Amino acid sequence: MAWRRVASVVAREAAYRSSRKYGKNRTLLRLSGGSVLKYNAMIMAILCFISVSMGMAAFGGREVVLPIFPTMFLLEVLLGTMIMAMNLQVLISDKLLEPLYHLPLEEADIRRALSWLSIYWGGAALPFLVVPGSLLMAYILGDWGIAVSGTLMSVAALVLAIGLGYLVGSIAPRYTRSLKGRLMSTFAWLLILLIGFIMGPAIEHLSGELSAGHAFIRQIPPLSFFYMFEDIASLLSSILTFLFPLLVLKYGIDRFWRLATRGEVPLPKAPAKWSLSYGLRASLAKEFKLIVRTPRLLASTIVYSVIFPLSFVLSVISEPLPPELAYMLPPIAVGIGGLGGLSVFYLYTAEAAGAQFLYLLPIRRSGVGVIKFMVFTIVNLPLIVAIGLVFSLLQGMFGLLPFILYASTFIGSALLNSLLYANFLPKEQSHWSSETFGRNLLALIVLGEGASFLGMTGLIVIILPSQMLKISASLAVTLAVWMIALSMYVGAKRPL
């Protein structure tokens with residue numbers, strides 16, 4: 001099919017532009033394109049592992065499975081929407097569809113290719129977040145209706161995620177100096193991110209209402225899929241849940257198509273003001289302007305550096321954590337802090353086409369890594385302070401040590417990851433995006449660091465008997481993070 005071939009070429013062209021503009025492409029840990037399954041293999045494996053892990057909750061009975069179902073649905077919608085929106089905005093900003101207009105292709109073929117890109121760019125992997133877990137739960141509970149319900153729910157979540165991705169991806173992707181465009185796009189990203197933020201409390205509330213005997217909760221999507229074979233009202237609700245994503249998908253594709261085929265590029269009315277400056281202060285100012293003018297980053301900063309810390313502290317004040325958690329705080333603080341540095345990756349992808357100008361400057365990779373690290377640390381200071389406040393609420397003055405361990409590990413992990421990504425940047429001028437580093441490499445970094453920090457945290461909590469040994473082992477992990485980060489700094493002093 002011609003349109004499937006076109007979609008494959010466009011997806012590989014996006015990856016090529018993100019990796020290197022000239023010369024031979026870097027092949028380390030990179031998928032070279034080809035089939036949809038090959039392109040999504042690593043994401044499928046990760047999501048399958050997560051799904052099976054969630055499905056094992058069925059050993060606790062149907063009551064435990066009940067909140068897992070809507071959790072998997074919302075996770076698939078959230079992840080799929082973010083993947084789709086980011087990729088489609090790159091598609092517009094890089095004008096990857098424009099060469100297709102000069103080929104002997106019908107408009108219907110180009111629109112099919114545009115739709116198929118959603119499957120190529122992660123859509124094919126999304127059902128693996130729900131289906132494997134549903135099969136495992138059905139096997140454990142001996143109810144194969146759960147497998148059918150989970151599969152149908154996964155399809156509905158996939159269609160809804162693609163539709164929302166087209167909607168968010170079509171909002172202000174071509175310019176960042178327009179205040180109206182930034183506000184619209186930032187608001188759209190805030191809505192998407194808040195889905196994940198309120199997911200836990202919402203599911204907990206629905207589960208409580210159902211336990212209290214309120215049967216109408218069964219008809220609320222996506223819980224309706226769990227009961228669709230038990231009562232007619234839940235079945236009808238599930239059918240309507242299918243229709244709504246289809247309407248969102250149609251509207252999203254039409255809106256994105258109008259934007260993709262529009263000839264003119266909207267620009268601010270007033271010419272941009274510019275000035276020439278250099279030094280650390282200028283570099284930091286440039287990074288903060290990049291955050292403010294990148295709606296996705298700005299929305300993430302608002303949610304995770306303002307809303308989340310405030311709500312976290314307020315929740316601990318209203319419902320204190322159990323006191324038996326106190327003796328486990330040092331290793332837990334190290335584990336949570338170690339995972340905090342993974343998000344520095346988004347500061348690199350925010351450079352987009354502007355990254356090409358960095359190659360013209362006399363700057364080293366270590367310099368790029370340190371600047372990104374400093375900005376990331378400053379942006380996350382509210383989160384670090386909020387965690388410290390929570391530790392002090394749990395243990396008073398004794399919470400100072402877990403806070404120091406958390407903050408030190410968080411900052412060390414941020415430096416380590418920033419320098420790691422700086423080392424893997426292309427040697428030639430390129431457009432930085434998620435494809436710059438390759439899906440396999442990103443997956444290995446997340447899995448490797450996640451398994452290392454969480455695994456060491458679990459071992460310290462389970463194996464070491466005394467509090468002093470737990471503290472010593474946690475301190476050793478923090479020191480190891482900093483030693484690795486400093487050694488990477490020495491190795492990243494080559495020119496960009």
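Nothing here was measured: the structure is a model prediction, and the numbers come from that model.
- The backbone N or O of A233 lies less than 3.5 Å from no partner atom in the side chain of S237, so there is not a single donor-acceptor pair.
- Remark: F49 CZ is loosely packed, at most 12 non-hydrogen atoms of other residues, nucleotides or ligands lying under 6.0 Å away.
- Within the cation-pi definition used here (under 6.0 Å to the ring centroid, within 45° of the axis), K372 does not qualify as a partner of Y421.
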task = Could you walk me through whether S134 and M72 pass the side-chain contact (heavy atoms from CB on, under 4.5 Å) test, one step at a time?
result = CA-CA 10 Å; S134 301; M72 292 192 297; 4.0 Å; yes
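- Side-chain polar atoms of Y348 and S418 form a donor-acceptor pair below 3.5 angstrom.
- Screening residues 122-145 for ring-ring contact (aromatic ring centres under 6.0 Å, His included) gives no qualifying pairs among residues at least two apart or on separate chains.
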task = Under the side-chain contact (heavy atoms from CB on, under 4.5 Å) rule, what do I302 and L298 come out as? Steps first, then yes or no, please.
result = CA-CA 6 Å; I302 294 173; L298 182 58; 4.2 Å; yes
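- Counting heavy atoms from C-beta on, the side chains of F288 and V375 come closer than 4.5 Å.
- Taking the side chain as every heavy atom from C-beta outward, F373 and V344 never approach each other to under 4.5 Å.
- A pairwise comparison of heavy atoms in I43 and A125 identifies CG2-CB, 3.5 Å as the closest pair.
- In this structure, the side chain of D231 engages the main chain of S234 through a donor-acceptor pair within 3.5 Å.
- The ring-ring contact (aromatic ring centres under 6.0 Å, His included) check on Y346 picks up nothing, with sequence neighbours excluded.
- Side-chain contact between I332 and I336 is present, with heavy atoms from C-beta onward closer than 4.5 Å.
- Counting only residues at least two apart or on different chains, the salt bridge (Lys or Arg N to Asp or Glu O under 4.0 Å) pairs with a member in residues 126-151 are R62-D143.
- Heavy-atom minimum distance, T81 versus V77: OG1-O, 2.7 Å.
- For the atom pair CG (L167) and CG (L191), the distance works out to 11.0 Å, reported to the nearest 0.5 Å.
- Atom CG of L389 sits about 14.0 Å away from atom CD1 of I384, to the nearest 0.5 Å.
- The 12-atom threshold is exceeded at CZ of F229, counting heavy atoms of other residues, nucleotides or ligands nearer than 6.0 Å.
- Applying the ring-ring contact (aromatic ring centres under 6.0 Å, His included) rule to F69 yields the partners F226; only residues at least two apart in sequence or on another chain are considered.
- Applying the side chain to side chain donor-acceptor pair (under 3.5 Å) test to T457 and every residue at least two apart in sequence or in another chain returns nothing.
- The shortest heavy-atom contact between T301 and V379 is CG2-CG1, 3.6 Å.
- L247 meets the side-chain contact (heavy atoms from CB on, under 4.5 Å) test with no other residue; sequence neighbours excluded.
- For the pair S224 (side chain) and Q219 (backbone), a donor-acceptor distance under 3.5 Å is absent.
- Scanning both residues, L160 and P245, for their nearest heavy atoms gives N-CB, 3.6 Å.
- Rounded to the nearest 0.5 Å, atoms CG (L342) and CG (L416) are 9.5 Å apart.
- Side-chain contact check for L66 versus Y227: some heavy-atom pair is nearer than 4.5 Å.
- We find the CE-CG distance between M54 and L129 to be 6.5 Å, quoted to the nearest 0.5 Å.
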Let me have the donor-acceptor pairs involving side chains of residues 444-451, under 3.5 Å, with sequence neighbours excluded, atom names and distances please.
residue	atom	partner	partner atom	Å
E449	OE1	N417	ND2	3.1

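- Using a 4.5 Å heavy-atom threshold, the side chains of L79 and L47 count as touching.
- What you find for L136 and G55 is that their closest heavy atoms are CD2-C, 3.8 Å.
- In this structure, the side chains of V334 and M456 stay at 4.5 Å or more apart for every pair of heavy atoms.
- Proximity of a side-chain donor or acceptor of S413 to a complementary backbone N or O of T409 within less than 3.5 Å is not detected.
- For residues 336-347, there are no salt bridge (Lys or Arg N to Asp or Glu O under 4.0 Å) pairs, not counting sequence neighbours.
- Looking only at side-chain heavy atoms (C-beta outward), I371 and L347 stay at 4.5 Å or farther from each other.
- Every residue two or more places apart in sequence or in another chain was checked for a ring-ring contact (aromatic ring centres under 6.0 Å, His included) with F453, and none qualifies.
- To the nearest 0.5 Å, atom CD1 of residue I140 and atom CG of residue L135 are 11.0 Å apart.
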request  = Evaluate the criterion side-chain contact (heavy atoms from CB on, under 4.5 Å) for residue pair F410 and F376; output intermediate values, then yes/no.
outcome  = CA-CA 11 Å; F410 184 100; F376 182 79; 3.8 Å; yes
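- Every residue two or more places apart in sequence or in another chain was checked for a salt bridge (charged side-chain N to carboxylate O under 4.0 Å, His left out) with K289, and none qualifies.
- Remark: S154 pairs with E76, P127, V130, V131 by the side-chain contact (heavy atoms from CB on, under 4.5 Å) rule, at least two apart or across chains.
- By the ring-ring contact (aromatic ring centres under 6.0 Å, His included) test, F73 pairs with no residue at all, sequence neighbours left out.
- Summarising the geometry, atom CE belonging to M153 is positioned 12.5 Å from atom CG belonging to L158; distances are rounded to the nearest 0.5 Å.
- S149 places a side-chain N or O within donor-acceptor distance of the main-chain N or O of F225, the cut-off being under 3.5 Å.
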request  = Step by step, work out the side-chain contact (heavy atoms from CB on, under 4.5 Å) result for M82 and V168.
outcome  = CA-CA 9 Å; M82 294 182 68; V168 178; over 6 Å; no
